[in-house]
Protein chains: 2
Amino acid sequence: MTGLSSAPSTVTPGTVHIVDDDEAIRDSLLWLFQSRSVAAHAWASGEAFLDAYHPDMAGCILLDIRMDGMTGPELFDALLARGCRLPVIFLTGHGDVPAAVAALKKGAMDFMEKPCDDNALVDRVIEALAHDAEQRARTAGQATLAARLATLTQRERQVMELVVAGKLNKVIADDLGISMRTVEVHRAHVFEKMGVKTAVELARLLVSAP
Amino acid sequence: MTGLSSAPSTVTPGTVHIVDDDEAIRDSLLWLFQSRSVAAHAWASGEAFLDAYHPDMAGCILLDIRMDGMTGPELFDALLARGCRLPVIFLTGHGDVPAAVAALKKGAMDFMEKPCDDNALVDRVIEALAHDAEQRARTAGQATLAARLATLTQRERQVMELVVAGKLNKVIADDLGISMRTVEVHRAHVFEKMGVKTAVELARLLVSAP
DNA sequence: CGGGCTATTGTGGAAATCCGCATCGGGAGA
DNA sequence: TCTCCCGATGCGGATTTCCACAATAGCCCG
């Protein structure tokens, strides 16, 4: 844990997906990343990547702006529409301020002009991969939370909300027009299903995530 | 409350600070915003604005890139270094992708090229003002929270942390090596000072903010 | 030196929570 | 039809929380 490792530099948690219609550039980028132990995969068009895209894909996207067929920004929009959260780095040969601003405001991670420094590019990609891995871990936590929430009954959910709102059982019983004993039962079920022991833990789960 | 008001369009919660070394542009922008009922103030240089800057300033900043003396990006950096959270919109005559990317990645709200559409510019400024007002409200809440936290004793803070962690009084007493009764007293003090009635409310306060 | 604040602990009772045991009615599925 | 799950409810006891009253001790300030 002292950071003295001299192993193959970075253990990359995902793949950088290169989308460019110029084969020479694809090959050159593939070579660059492979030489730095970063897993890379190239696609010859936006359509090709879009067809292959699946929400489980981990990594990041290196995207050319001007391409035959679907352009980089068009692919970006299409991916966003499908809920894709992969970090995107744009690569472009011809500076275009409005395009750069639009891309970054939509959430692109970077917008670099070719030719750009290999080291800078690799660094940015590694950053993007780390960002995706981190985000993926967070999302996984939220998914298990959502799965647990899904097992709750209607009533249990209602009771849970009031419990998390800090209300006492007697108040909850009154609000819902049921007996205190029933509230206690639902409350206990909620605790069990959500895997917590106290109302405070439950509140923390729900306040930090949704 | 039904939104039928036909009053002077938008009630602006802050001032747009125009920073530009060209007097003609300053006057033109001042006229534009005043004609739209947006409070505006102009500064002839980055240094002038920086001298006048105070954390309590509310509103947003409209910033020219190329200026004599301090440039737009330099002023932006100086403001960030002082913890300024005002939304910044850059205005530039000469497209420069790296500058735009750098500005947006540092948190600028927009980067527009002159000449730009008056309506679009005013819309973005109003957005920025609203964003600042919202952010300011959030920060105010956190400030009162911090103020309350500051009134807590060392011991009270320790007890609070364990309470928020979901532990029972007896466990807390054991952890701190004190009697349960003492824990109860501290706990009650914490509730009173933090203005809450239950542990759940306290947990929500602390989980959603820090 | 007295007063105020902090930390500590005790007693004892009221209120609330936690739980096991038992019952009842209704709807979904084997 | 019989069973399983959900919602609702009651009883009673163990545990915990909430509080008022009371007291001791150290520390800092005027």
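Letters A, B, ... are given to chains in the order of the sequence lines, protein chains preceding strands, and every chain is numbered from 1.
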Asks: Provide, to the nearest angstrom, the distance between the CD1 atom belonging to A/I178 and the C1' atom belonging to D/dG10.
Replies: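 Those two atoms, CD1 and C1', are 14 Å apart.
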Asks: Is a donor-acceptor contact shorter than 3.5 angstrom present between the side chain of A/Q154 and the base of D/dC6?
Replies: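 No.
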Asks: How long is the line joining NZ of A/K193 and C1' of D/dC5, in whole Å?
Replies: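 These atoms are roughly 10 Å apart.
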Asks: Reckon A/H186 has a side-chain N or O less than 4.0 Å from the OP1 or OP2 of D/dC6?
Replies: no
Asks: Could you tell me the separation between the CD atom of A/E192 and the C1' atom of C/dC18, rounded to a whole number of Å?
Replies: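 Taking CD of A/E192 and C1' of C/dC18, I get 14 Å after rounding.
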Asks: Nearest whole Å is fine: how far is C/dC21 C1' from A/R181 CZ?
Replies: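 So the two atoms are 10 Å apart, to the nearest Å.
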Asks: Quick one: A/N169 CG to C/dA16 P, roughly how many Å, whole number?
Replies: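 Going from CG in A/N169 over to P in C/dA16 covers 10 Å.
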Asks: Show the numbers, then the answer: is there a salt bridge (charged side-chain N to carboxylate O under 4.0 Å, His left out) between A/R204 and A/E201?
Replies: CA-CA 5 Å; A/R204 299 177 50 134; A/E201 296 175 54; over 6 Å; no
Asks: With the side chain of B/R187 defined as its heavy atoms from C-beta on, choose the nearest nucleotide among D/dT9, C/dT17, D/dC18.
Replies: D/dC18
Asks: Between B/T151 and B/G177, which is nearer to the 5' end of DNA chain C once each is assigned its nearest nucleotide?
Replies: B/T151
Asks: Is the number of heavy atoms from other residues, nucleotides or ligands under 6.0 Å of B/K105 NZ greater than 12?
Replies: yes
Asks: Could you check B/F49, B/F111, B/F90 and say which one makes a ring pair (Phe, Tyr, Trp, His ring centres under 6.0 Å) with B/F76?
Replies: B/F90
Asks: Can you tell me the distance, in whole Å, between the CG atom of A/L176 and the P atom of D/dT9?
Replies: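 Taking CG of A/L176 and P of D/dT9, I get 10 Å after rounding.
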Asks: Is it true that, when you exclude A/R136 itself, more than 12 heavy atoms of the residues, nucleotides or ligands shown sit nearer than 6.0 Å to its CZ?
Replies: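 More than 12 heavy atoms, drawn from other residues, nucleotides or ligands, come within 6.0 Å of this atom.
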Asks: Between B/S179 and B/E184, name the one whose nearest nucleotide on DNA chain C is closer to the 5' end.
Replies: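 Upstream on the strand: B/S179.
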Asks: Rounding to a whole Å, what distance do you find between A/F191:CZ and C/dC19:C1'?
Replies: 13 Å
Asks: Quick one: which of C/dT8, D/dT17, D/dT9 gets closest to the side chain of B/V185?
Replies: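 Of the options given, the side chain of B/V185 lies nearest C/dT8.
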Asks: From the set D/dT17, D/dT9, C/dT8, return the single nucleotide nearest to any side-chain atom of B/M180.
Replies: D/dT17
Asks: Under 4.0 angstrom, heavy atoms only, what part of the nucleic acid is B/T182 near: base, sugar-phosphate, or nothing?
Replies: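 If one applies the 4.0 Å heavy-atom cut-off, B/T182 turns out to touch a base.
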Asks: Ignoring hydrogens and angles, does a donor from either the side chain of A/E156 or the base of D/dC6 sit under 3.5 Å from an acceptor on the other?
Replies: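 Result: no qualifying N/O pair found.
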Asks: Establish, with yes or no, whether the OP1 or OP2 oxygen of D/dT16 is under 4.0 angstrom from a side-chain nitrogen or oxygen of B/K170.
Replies: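 It does, given that an N or O in the side chain of B/K170 lies less than 4.0 Å from OP1 or OP2 of D/dT16.
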Asks: Checking side-chain hydrogen bond (donor to acceptor under 3.5 Å, both in side chains) for the pair A/Q154/A/R157: CA distance, chi angles, key distance, verdict?
Replies: CA-CA 5 Å; A/Q154 189 95 35; A/R157 229 184 307 277; 5.7 Å; no
Asks: Calculate the interatomic distance between A/Q158 atom CD and D/dA8 atom C1'; express it in whole Å.
Replies: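 Checked: the CD to C1' distance equals 13 Å.
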